[in-house]
*Asks:* 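I'd like to ask some things about the structure below.
Each ligand, and each atom within it, is numbered from 1 in the order the structure gives. Numbers here simply count residues along the sequence, with the first being 1.
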Amino acid sequence: MHSHSRPVLAANWKMNLGTVEAGAFLDGFLSRYAPRDDRTVILFPSALVVSTVRDGTRKRPDIQLGVQNVSTEEKGAFTGENSAAMAAGAGASFVLVGHSERRHVFGEADAQAAQKCARVVEHGLVPLLCVGETIEQRERGETGEVVLHQLRAGLSMLSHEAIRDMIVAYEPVWAIGTGRTATPQDATDVHLVLRAALAGLVGEDARGIPLLYGGSVNAKNSSALLAAHEVDGLLVGGASLDPVQWAEICGS
Ligand code: 13P
């Protein structure tokens, strides 16, 4: 059951698919997935491949584009970083913020997620804020507390309108890349907590904020997860690299 009427299917390619592979992916995917106006499909390639994917989807305005990260800073001497303005200029409309790998592999704190969300909105892009607990936190019964803290901190610099227009993804760290998917009920339980917190911030407008689930989603489990109460979409890593499987997931 969807509180949000158009499911969002988002592919996080992480550090996979360079220019050549992305071209081959699009050949395979676009021929298998015809445009549908009852869902939103977003691809998050490497920042170096965004313009390739933008060019490769010129005839497919139904396919949206995003980047996986941006700098907290506007511009300047930050070797190796990409700015929100650059992401917008390259054709991105969405930006992943606070992904588990940014938090746990690169040590990003909530304060940076908040600044990135603000920077992204400043440039007319939509933040897709990711939250999720570790297995230790889940076993200690801290899941609700952890995701609420990440959510509130990540949104702390955004206006009511920016929160209303954003996307949130619940990605339990223990389910990412492990083959251990949360059950549809696990996803629903956490999404209810997130929805209630969003309603506390923006009232009725919280109903329209897509809440995605991510973590070991594949073509076999995508339909059941998507059918779960309060699950408005999916954020997919590994299974989104295969054009056949990704087309199946987008059709689920
Ligand atoms: P997997 O689908 O590979 O578990 O990755 C999930 C994820 O982190 C998407 O952002």
*Asks:* If we only count N/O pairs under 3.5 Å, is N12 in contact with ligand 1?
*Replies:*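 Yes, N12 has an N/O under 3.5 Å of an N/O on ligand 1.
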*Asks:* Under a 4.0 Å N-O cut-off, is there an ion pair linking K116 with E73?
*Replies:*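 No, K116 and E73 are not salt-bridged.
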*Asks:* Which ligand 1 atoms are under 4.0 Å away from a heavy-atom of A175?
*Replies:*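 Contacts of ligand 1 toward A175, numbered from 1: 4 (O).
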*Asks:* Among all protein non-hydrogen atoms, which one is nearest to atom 3 (O) of ligand 1, and what is the separation to 0.1 Å?
*Replies:*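 Result for atom 3 (O) of ligand 1: G238 N, 2.8 Å.
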*Asks:* Within the distance-only criterion (no hydrogens, no angle test), does the side chain of R39 pair as donor or acceptor with the backbone N or O of P7 below 3.5 angstrom?
*Replies:*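 Side chain of R39 to backbone of P7: no pair is present.
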*Asks:* Considering non-hydrogen atoms only, spot the tightest contact between D62 and P35 and give its length.
*Replies:*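 Taking every non-hydrogen atom into account, OD2-CA, 3.4 Å.
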*Asks:* Just by modelled atom types, is the E142 backbone N or O under 3.5 Å from a matching donor or acceptor in the E145 side chain?
*Replies:*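 A pair under 3.5 Å: no.
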*Asks:* With backbone taken as N, CA, C and O and side chain as the heavy atoms from C-beta onward, which portion of C130 lies under 4.0 Å from ligand 1: side chain, backbone, both, or neither?
*Replies:*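 No part of C130 comes within reach of ligand 1.
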*Asks:* Could you check T183 against D186 for side-chain hydrogen bond (donor to acceptor under 3.5 Å, both in side chains), going step by step and ending with a plain yes or no?
*Replies:* CA-CA 5 Å; T183 64; D186 290 334; 3.2 Å; yes
*Asks:* Which of the atoms of ligand 1 are close to L235, meaning less than 4.0 Å from one of its heavy atoms?
*Replies:*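 In order of numbering, the contacting atoms are 9 (C), 10 (O).
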*Asks:* Please report whether ligand 1 has a polar contact with G177, defined as an N or O pair separated by less than 3.5 Å (distance criterion only).
*Replies:*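 Min N/O separation from ligand 1 is below 3.5 Å for G177.
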*Asks:* Does ligand 1 have a heavy atom under 4.0 Å from the side chain of I176, from its backbone, from both, or from neither?
*Replies:*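 Contact part for I176 vs ligand 1: both backbone and side chain.
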*Asks:* Could you tell me whether ligand 1 has any atom less than 4.0 Å away from a heavy atom of S216?
*Replies:*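 Distance cut 4.0 Å: S216 passes for ligand 1.
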*Asks:* Below 4.0 angstrom, N of the basic side chain to O of the carboxylate: do E161 and R164 qualify?
*Replies:*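 Judged by the 4.0 Å cut-off on N to carboxylate O distance, E161 and R164 do not form a salt bridge.
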*Asks:* Do T178 and ligand 1 have an N or O pair less than 3.5 Å apart?
*Replies:*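 Checking ligand 1 against T178, no N or O pair falls under 3.5 Å apart.
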*Asks:* Take every heavy atom of S240, measure it against each atom of ligand 1, and state whether any distance is under 4.0 Å.
*Replies:*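 Outside the 4.0 Å threshold, so no.
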*Asks:* Sort out for me which residue in I42, L235, D232, L211 forms a side chain to side chain contact (heavy atoms under 4.5 Å, CB included) with I167.
*Replies:*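 Exactly one pass, corresponding to I42.
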*Asks:* Specify whether F29 and W246 have parallel, tilted or perpendicular ring planes, treating 30° as the upper limit for parallel and 60° as the lower limit for perpendicular.
*Replies:*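 Judged by the thresholds at 30° and 60°, the geometry between F29 and W246 is tilted.
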*Asks:* Give me the atom names and distance for the closest heavy-atom approach of A169 to L128.
*Replies:*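 So the minimum-distance heavy-atom pair works out to CB-CD2, 3.6 Å.
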*Asks:* Can you find an N/O atom of G237 closer than 3.5 Å to an N/O atom of ligand 1?
*Replies:*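 Yes: some nitrogen or oxygen of G237 is under 3.5 Å from one in ligand 1.
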*Asks:* Counting each atom of ligand 1 from 1 as listed, which ones have a heavy atom of K14 under 4.0 Å away?
*Replies:*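 Those of ligand 1 that fall under 4.0 Å from K14 are 5 (O), 6 (C), 7 (C), 8 (O).
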*Asks:* Of the protein's non-hydrogen atoms, which lies at the shortest distance from atom 7 (C) of ligand 1, and what is that distance?
*Replies:*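 Result for atom 7 (C) of ligand 1: E171 OE2, 3.1 Å.
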